[in-house]
Amino acid sequence: MLDACAELLDETGYEALSTTRIAERAGVAIGSVYQFFPDKRAITQEVARRNVEEFVRRVGHRFLEEDHRGWWEAVDAIIDEYVDMHRTVAGFKSLHFGDAVDLNMLDSDSDNNTVIAGRLRGLFLKEFGLADSPELDLAVLVAVEAGDAVLKLAFRRDPDGAPEIIDAAKQLIRSFLSRQLKSWSPPA
């Protein structure tokens, strides 16, 4: 059902999505959908949660598998993963983490980008030994918000993501974080 929902989101968008269409696409009775999800919003929330978990899992895997000299190289890896998932994972491009379908889709108390920022902040703390601080929280949140906005622009300009805008997003985030996290800045 989640895969069917993700495919339909990409094909028709959230407004045209319905539990009936999801059931038809999944090849299940409508009652089966309602057994697990009360409405299309609930299914969409679960697709978004699944996408976030997959995104964080993939980023964490890259952190384990690749040797990043510091957080500045990790920023590129995070953006590369986002771009790859946008291109290849059903439902990912339709449910950007900060989109207006539901700004609190992932957590009723925090907006979606705040949830994502918290998860990425945790990876930075674990992988790069950054000191936990309110400044780090704010820097990562602003970086996520800025990255989300610029990457949306890249995919509005080109369905595969305008490469020059993706590169600009990397530069913008690295530059911003370098100024905010002076003690962890990349070598000159």
Side-chain angles (χ1 to χ4, degrees), residues 1-66 74-108 110-120 122-123 144-163 165-167 169-170 173:
M1 288 182 276
L2 295 178
D3 291 341
C5 178
E7 291 167 6
L8 287 167
L9 282 166
D10 285 349
E11 292 170 18
T12 65
Y14 182 77
E15 293 304 317
L17 186 68
S18 71
T19 53
T20 301
R21 293 186 79 195
I22 293 168
E24 288 170 359
R25 174 63 64 93
V28 300
I30 190 70
S32 296
V33 173
Y34 287 122
Q35 180 180 359
F36 298 101
F37 305 103
D39 52 29
K40 75 177 186 177
R41 181 179 183 272
I43 300 171
T44 304
Q45 283 178 312
E46 194 55 39
V47 170
R49 277 189 201 95
R50 181 175 76 170
N51 285 346
V52 169
E53 292 303 320
E54 180 63 10
F55 176 66
V56 172
R57 187 196 66 73
R58 285 182 178 200
V59 168
H61 181 75
R62 285 184 79 150
F63 281 14
L64 289 174
E65 296 294 316
E66 298 171 5
V75 165
D76 287 356
I78 291 167
I79 292 173
D80 290 343
E81 202 57 58
Y82 178 97
V83 168
D84 182 63
M85 287 185 70
H86 194 285
R87 292 174 179 158
T88 62
V89 175
F92 193 84
K93 66 183 172 187
S94 298
L95 292 175
H96 298 286
F97 303 136
D99 272 355
V101 168
D102 187 346
L103 290 175
N104 296 86
M105 187 172 284
L106 301 173
D107 181 321
S108 61
S110 300
D111 67 76
N112 298 335
N113 277 345
T114 300
V115 174
I116 298 302
R119 299 293 298 274
L120 293 177
L123 286 172
V144 167
E145 289 286 348
D148 187 48
V150 175
L151 291 170
K152 283 179 189 174
L153 172 62
F155 284 98
R156 282 196 314 268
R157 290 276 174 97
D158 178 337
D160 288 325
I165 297 176
I166 293 168
D167 288 341
K170 290 177 180 181
I173 293 168

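Predicted model, so just to flag it, every value in this text is computed and none were measured.
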Inset, instruction - Please report the closest heavy-atom contact between F36 and M1, naming both atoms and the distance. - result: CD1-CE, 3.4 Å
Legend entry - Spacing of CG belonging to N51 relative to NE2 belonging to H86, to within rounding of 0.5 Å: 11.0 Å
Legend entry - I165 side, atom CD1; L151 side, atom CG - distance, nearest 0.5 Å: 9.5 Å
Inset, instruction - Could you grab the distance from atom OG1 of T19 to atom CD of E24, nearest 0.5 Å is fine? - result: 9.5 Å
Inset, instruction - List the steps, then state whether side-chain contact (heavy atoms from CB on, under 4.5 Å) holds for K93 with F155. - result: CA-CA 9 Å; K93 66 183 172 187; F155 284 98; over 6 Å; no
Legend entry - Straight-line distance of R58 CZ to D84 CG, nearest 0.5 Å: 5.5 Å
Legend entry - salt bridge (charged side-chain N to carboxylate O under 4.0 Å, His left out) involving D167 - partner list, sequence neighbours excluded: none
Legend entry - Results of side-chain contact (heavy atoms from CB on, under 4.5 Å) for E15 - residues two or more places apart only: none
Inset, instruction - Kindly compute the distance separating CD1 (I43) from CG (L9), expressed to the nearest 0.5 Å. - result: 9.5 Å
Inset, instruction - Taking all non-hydrogen atoms of both residues into account, name the closest pair between A90 and D10 and its distance. - result: CA-OD2, 3.4 Å
Legend entry - salt bridge (charged side-chain N to carboxylate O under 4.0 Å, His left out) involving R25 - partner list, sequence neighbours excluded: E7, E11
Inset, instruction - Please name all residues satisfying salt bridge (charged side-chain N to carboxylate O under 4.0 Å, His left out) with K170, sequence neighbours left out, ordered by chain then number. - result: D80
Inset, instruction - Locate the shortest heavy-atom distance separating R21 from A16; write the atom from each residue and the value. - result: NH1-O, 3.4 Å
Inset, instruction - Measure the CD1-CG distance between I22 and D3 for me, rounded to the nearest 0.5 Å. - result: 11.5 Å
Legend entry - Contact summary for V150 and A169, nearest pair of heavy atoms: CG1-CB, 3.6 Å
Inset, instruction - Using salt bridge (charged side-chain N to carboxylate O under 4.0 Å, His left out) as the criterion, list what pairs up with R62, not counting sequence neighbours. - result: E66, E81
Legend entry - Nearest heavy atoms of A23 and V33, plus distance in Å: CB-CG2, 3.7 Å
Legend entry - Salt-bridge criterion met for E46 and R49 (N-O under 4.0 Å): yes
Legend entry - Neighbour count >12 (heavy atoms, 6.0 Å) for atom CZ, R87: yes
Inset, instruction - Let me see the working for R57 and E54 under salt bridge (Lys or Arg N to Asp or Glu O under 4.0 Å), right down to the final yes or no. - result: CA-CA 5 Å; R57 187 196 66 73; E54 180 63 10; 2.8 Å; yes
Legend entry - Worked check of side-chain contact (heavy atoms from CB on, under 4.5 Å) between F37 and L2: CA-CA 10 Å; F37 305 103; L2 295 178; 3.8 Å; yes
Legend entry - Minimum heavy-atom distance between C5 and L17, given as atom pair plus value: SG-CD2, 3.9 Å
Inset, instruction - Examine distances only and state if a side-chain atom of K40 and a backbone atom of Y14 form a donor-acceptor pair shorter than 3.5 Å. - result: yes
Legend entry - Residues forming a side-chain contact (heavy atoms from CB on, under 4.5 Å) with V56, sequence neighbours excluded: V52, R119, L123
Inset, instruction - Check whether any side-chain heavy atom of Y82 lies under 4.5 Å from a side-chain heavy atom of I78, and answer yes or no. - result: no
